[in-house]
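Here is how names work: the chains are called A, B, and so on, in the same order as the sequence lines, proteins then strands, and each is numbered from 1.
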Number of protein chains: 2
Amino acid sequence: MTQRKVISFETIRVACKNCTLSQLCLPMGMSPEDVDRLDSIVKRSRPLHRGDHLFRSGERFRSLYVVKTGSVKTYTPSEEGGEQVLGFHLPGEIIGLDAIDQDCHACSAKVLETSAICEVPFQRFEELAASIPSLQHSMFRLLSKEIGHDAEMLLLLGKKNAEERLAAFLVSMSQRLSKRGLSPTDFYLSMSRHEIGNYLGLAVETVSRLFTRFQDEGLVKVDRKHVEILDLGTIESLAGTAQAAGSRKHSN
Amino acid sequence: MTQRKVISFETIRVACKNCTLSQLCLPMGMSPEDVDRLDSIVKRSRPLHRGDHLFRSGERFRSLYVVKTGSVKTYTPSEEGGEQVLGFHLPGEIIGLDAIDQDCHACSAKVLETSAICEVPFQRFEELAASIPSLQHSMFRLLSKEIGHDAEMLLLLGKKNAEERLAAFLVSMSQRLSKRGLSPTDFYLSMSRHEIGNYLGLAVETVSRLFTRFQDEGLVKVDRKHVEILDLGTIESLAGTAQAAGSRKHSN
DNA sequence: CGTGGCGTTGAGCCAGATCAATACACGTGG
DNA sequence: CCACGTGTATTGATCTGGCTCAACGCCACG
């Protein structure tokens, strides 16, 4: 057992290094020493289970989190039990960026399935970023990328209809998974229909009906959480400001 | 004329310094020398007029822009002439943060009224940030704040009804203007009803009807672009996940 | 005093929400 | 192994908020 723990720890350590790397050191070369410095501040990576929270709304902000394996959803809980799902986070993606400003988490992060998460203490990270220009640049880019992604979501929620929203969701999942080396056309959704609907600003029933419709149209094969994309091209065209859909567009 | 130009330039220079300061050097003390260093890279600030573009979608990203006076809207133009308004930017607010990642603007920025804008060359800014830890921290916070703001908009577009959206819009304008020392209850909207509707994900007609309704209910007095807020408290309660509205809530 | 761009107002319609019932998967305990 | 319970997903029927279409009023400007 002890032996196994050590092996497991090293495995996680290396994988974590990789995932931190890929997001934060992506664009330009950081020296191997700098990469090690960055890696050395990444704290722990114990496996979390479905329902566990990385943090809750209102808690003090200390660290960013990087998903190594599994998936996490972030959401803003409102009194009366309602919530707005802000996003689903897949391996390689970073959580907690919105808390830097207030020094306090405005949203909660809940693990959707057994997941390994790296924790990056932010204060130490900032010190490092100040001494490694390329790391600072990567962080600026990362934050900026998040803003760009949010703008896409604003477009989705502000202008797209239900069909376009679900198509965009599928395309996004497909792209993000394939970026991690997983199949872009065959995957399991770790979130419920309810959570998908909440995220996309749709009722559960609408999501369910659309999955059925897409399946009837031969675009996907859906079995519960298992999704096979059969016609990615068509789904992509539906997701965009799809002119192919044959439906007239809003003008507002 | 020459004389006047010089005076005008100095006036702008000082005001610009102030506005750059307030957003970027807010939280912690930067030394006066560092403030001057920051100020010295702020390039130009010629007055722009209604309809002028700060930048257009697709252009190379070089600088961030800070609104000194006036207002700017950012939007993503889509083919077919449609657009999604991403935001309205008032004095003290920063534009262009989403372009850092791609090194290329994904949205366009158009001036809504005669405005003075500071330009901050990003590359120089980054160099400065790397040597002034508190500036780096401020920039991280600024980017993070933008992400937090976007999350609020996602909530608005995903869950709120038309009434809540317009109320939230009015509250936001009120707060942001008063933060700049302007009246929180009496102001002019520089954007058209169409642009408000686009931003809030509503049809122009809905916006118009709601203004009328709010006026009938004694919450505001509206005359064209001139808005007087008569009952800010009630509007605030409508804007939140308003339980006071007497209307049942969505659950998705 | 047109002419054209907003803004407002009215009437009708529809996408998607809501309500309601059933179906299915996955326990858990007997 | 089955009976039962609980939570989630699907499907159908109905309702409605806000969109669409259309007409008109009001400035502002040439």
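The nearest whole Å value for the distance from the CD atom in A:Glu205 to the C1' atom in D:dT14 is 13 Å. The CG atom of A:Leu210 sits 13 Å away from the C1' atom of C:dA17 (whole-angstrom rounding). Rounded to whole angstrom, the span from the CD atom of A:Glu164 across to the C1' atom of C:dA15 amounts to 12 Å. Rounded to an integer number of Å, the gap from B:Leu156 CG to D:dG18 P is 12 Å. One interatomic measurement links the two molecules: NZ of A:Lys225 to P of D:dT10, which rounds to 10 Å at whole-angstrom precision. One atom, NE2 of A:His194, and another, P of C:dA17, lie 12 Å apart when rounded to the nearest Å. Between the P atom of D:dG18 and the CG atom of A:Asn161 lies a distance of 17 Å, rounded to the nearest Å. Across the protein-nucleic acid pair, B:Leu200 atom CG and D:dC19 atom P stand 11 Å apart, rounded to whole Å.
Evaluation of the side chain to side chain contact (heavy atoms under 4.5 Å, CB included) rule for B:Lys221 yields B:Gln215, B:Glu228, B:Leu230 as partners, not counting sequence neighbours. For B:Thr76, there are no side chain to side chain donor-acceptor pair (under 3.5 Å) partners two or more places apart in sequence or in a different chain. With sequence neighbours left out, B:Arg213 forms a side chain to side chain contact (heavy atoms under 4.5 Å, CB included) with B:Glu163, B:Leu210, B:Glu217. Take A:Glu205 and apply the side chain to side chain contact (heavy atoms under 4.5 Å, CB included) test, not counting sequence neighbours, and it matches A:Ala203, A:Arg209.
In this structure, a donor-acceptor pair under 3.5 Å is present between the side chains of A:Thr74 and A:His89. A:Thr234 and A:Asp231 share a donor-acceptor pair across their side chains, judged by distance under 3.5 Å alone.
Interface remark: the A:Arg193 side chain does not form any donor-acceptor pair with the D:dT11 base, using a distance-only criterion of under 3.5 Å. Judged by distance alone, with hydrogens and angles left aside, A:Arg209 brings a side-chain donor or acceptor within reach of the base of D:dG12, the pair sitting under 3.5 Å.
The minimum heavy-atom distance between A:Leu219 and A:Ile235, with the atom names listed, is O-CD1, 3.8 Å.
Residues A:Arg213 and B:Thr206 each lie close to DNA chain C; by heavy-atom proximity, the contact nearer the 5' end of the strand is made by B:Thr206.
Checked against the 6.0 Å centroid threshold, B:Phe55 and B:Tyr65 count as a close aromatic pair.
Judged by distance alone, with hydrogens and angles left aside, the side-chain atoms of B:Asp186 form no donor-acceptor pair with the main-chain N or O of B:Ser183 at under 3.5 Å.
B:Ser192 comes within 4.0 angstrom of sugar-phosphate atoms only, judged by non-hydrogen atoms across all strands, and of no base.
Defining each end axis of the helix from C:dC1-D:dG30 to C:dG30-D:dC1 as the rotation carrying four pairs' C1' atoms onto the next four, with five pairs an end, the two axes are found to diverge by 30° to 10 degrees.
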Readout for nucleotides 23-30 of chain D: B = base within 4.0 Å of protein heavy atom, S = sugar-phosphate only, - = neither; 5' to 3' it is --------
